[in-house]
Amino acid sequence: MSMIQPVRGTRDFYPEDMAFRSWLHGKIRSVSEAFGYQEYDGPFLERLELYAAKSGEELVKEQAYVFKDRGGSEIALRPELTPSLARMVAQHGKAVLLPLRWWSFGPFWRYERTQKGRSREFFQWNIDLIGVDTPAADAEVVAVGASLLKAVGLTPELIRIKVNNRRLVESQLGNLGISGQMLGKTFQVIDRREKMDAAAWRAYASDQGLSETQLEGLEEMLGDLNAWKRSEELVSFFASTDALGVSEFVEYDPTIIRGLDYYTGTVYEARDVAGNHRAILGGGRYDDLVSAVGGDPISATGFAMGDVVFQLVLEESGALPEIRSNPANFFVTTFDDESTEESMRLATELRSAGFRTEWYPEAVRLPRQFKYADRQGIPFTLILGPEEIQNGTVAVKDMHTGEQENVAREELITYLERLL
RNA sequence: GUGCCUGUAGCUCAAUGGCAGAGCGCCUCACUGUGGAUGAGGAGGCUGCGGGUUCGAAACCCGUCAGGCACCCCA
């Protein structure tokens, strides 16, 4: 038993798993394209410097897979896509047609301890709208996210997209005398509010250097569900999500802050209402990132959604679709050695007519072939034995109802067309 | 990086320190021109690995590897 272990935090995609991944990719494609977004992708390998400036210390230093290539360059397996996108936009310079709407679905890597909802190799949907700094642009991107939730049968009772605005938070904290270096620490304090009980949280807050009055002000601030009305950006944002028909999914949440350093304005994340899981998607406005990687200043907004938590939430909600991993609709049995080639010709005939057809590659006992077709979930089985060959017919069995009919070979294609 | 828990058949799990088992799945047969249902039979194990304690270890101890969960961070 010295089987080689798979790399920790990776997943094997057996056909059923792959079918889910493809299904998700398809749903994502269809909602993204419904809003006119174009599919793109960046390289899986990037120079480490690309992330060093703006992604956040921990993500780069602790979690990125980094190695030196044979030329001595420090290379990272991409831990996220947004910096690549910013680089691609920056490199196109003035040639890009704005507003730019792009989406992508692909693999990412982060070296962290695996746990529920977190693997080291995962897939992400990224979607971004670049070149427009209006709150309506943020709202559109959020609406695409909400459209995916709808498209897979997740409701506002199950999932909410929680929204806040960094400029609002910074001005609120400014009023409490919190700015500069304390800002980052206070973000951490806010972020941890839901994970700790009240007493521990207060202790943690004062450890971080918040005064008693600042702490009181902070608590009041985090309890004020109407604070968004003082942010022109958020007022406009919520009016837009309303106009886009997704307001039931969207709500203001003063505790949302987001970890990545490059966010500048409105930020949001989707959470399951029951609170069993991590964020399903997260994103926001990042107006300085393109210039940070050397391009002209361009405003941008977008989010990423990981496949792992999304799948957990779908499983839990029962919204997971029945996915058949075998693509064939027809199964051709092989009766005996003499008729093997005739069966192959039949299968070929079906494929030429555009039917996805699987053929059993060995003349084993029929029960075994039927059992195989059944397990594979192929809906129709065709039998071509000596009798059928002599009569110029094919027996077609509906595996679901068990009904079987002898069909003349000339009429077969028309008959099968009617079955689908 | 820190802490807690768990490794037994393909899968899910049993087994007071005393013969390593069940259910599901798989294979065969009843039924050699028909899958699912039923019944009968069968295959499948270095109990993760290495050491120790013991007359005796799947069980207890140490180490190691792997997995799960939480913290950190984040999709």
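Proteins come first, then strands; the chains are lettered A, B, ... in the order of their sequence lines, and each starts at number 1.
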What contact category does [X] fall into here, base, sugar-phosphate, or nothing, at under 4.0 angstrom with non-hydrogen atoms?
{"X": "A/R8", "answer": "sugar-phosphate"}
{"X": "A/T401", "answer": "nothing"}
{"X": "A/E387", "answer": "base"}
{"X": "A/A279", "answer": "sugar-phosphate"}
{"X": "A/H400", "answer": "base"}

What is the distance, rounded to the nearest whole Å, between atom [atom1] of [X] and atom [atom2] of [N]?
{"X": "A/I257", "N": "B/C74", "atom1": "CD1", "atom2": "P", "result": "12 Å"}
{"X": "A/D336", "N": "B/U32", "atom1": "CG", "atom2": "P", "result": "16 Å"}
{"X": "A/R118", "N": "B/C71", "atom1": "CZ", "atom2": "C1'", "result": "14 Å"}
{"X": "A/R113", "N": "B/C5", "atom1": "CZ", "atom2": "P", "result": "14 Å"}
{"X": "A/Y286", "N": "B/A75", "atom1": "OH", "atom2": "P", "result": "13 Å"}
{"X": "A/Q404", "N": "B/U34", "atom1": "CD", "atom2": "P", "result": "10 Å"}

Can you list the residues that meet the ring-ring contact (aromatic ring centres under 6.0 Å, His included) rule with A/Y65, with sequence neighbours excluded? A/Y111
Using heavy-atom distances to pick each residue's nearest nucleotide on RNA chain B, tell me which of A/G9 and A/G306 is more 5'. A/G9
Residue closer to the 5' end of RNA chain B, A/Y372 versus A/F122 (nearest nucleotide): A/Y372
Looking only at atom [atom1], what distance separates [N] and [M], rounded to whole Å?
{"N": "B/C55", "M": "B/G68", "atom1": "P", "answer": "40 Å"}
{"N": "B/G10", "M": "B/C71", "atom1": "P", "answer": "34 Å"}
{"N": "B/G44", "M": "B/U38", "atom1": "P", "answer": "26 Å"}
{"N": "B/C60", "M": "B/A14", "atom1": "P", "answer": "14 Å"}
{"N": "B/U54", "M": "B/G21", "atom1": "C1'", "answer": "25 Å"}

Between [N] and [X], counting only base atoms on the nucleotide and side-chain atoms on the residue, is there a donor-acceptor pair under 3.5 Å?
{"X": "A/Q311", "N": "B/A75", "value": "no"}
{"X": "A/R110", "N": "B/A75", "value": "yes"}
{"X": "A/Q369", "N": "B/U34", "value": "no"}
{"X": "A/K397", "N": "B/G35", "value": "yes"}
{"X": "A/E388", "N": "B/G33", "value": "yes"}

If stacking means aromatic ring centre less than 5.5 angstrom from the base's six-membered ring centre, planes under 30°, is A/F335 stacked on B/G33? no
Determine which nucleotide pairs with B/A43, using a 3.5 Å limit on both distances of a Watson-Crick or G-U wobble pair. none
If we call it a pair only when both distances are under 3.5 Å in a Watson-Crick or G-U wobble match, what pairs with B/U32? none
Angle class for the A/F105/A/H25 ring planes (parallel below 30°, perpendicular above 60°, tilted otherwise)? tilted
Parallel under 30°, tilted from 30 to 60°, perpendicular over 60°: which one fits the rings of A/F238 and A/W228? perpendicular
Could you tell me if the side chain of A/D224 sits less than 4.5 Å from the side chain of A/Y252, heavy atoms only? no
Looking at A/W23 versus A/F20, is the centre-to-centre ring distance below 6.0 Å? yes
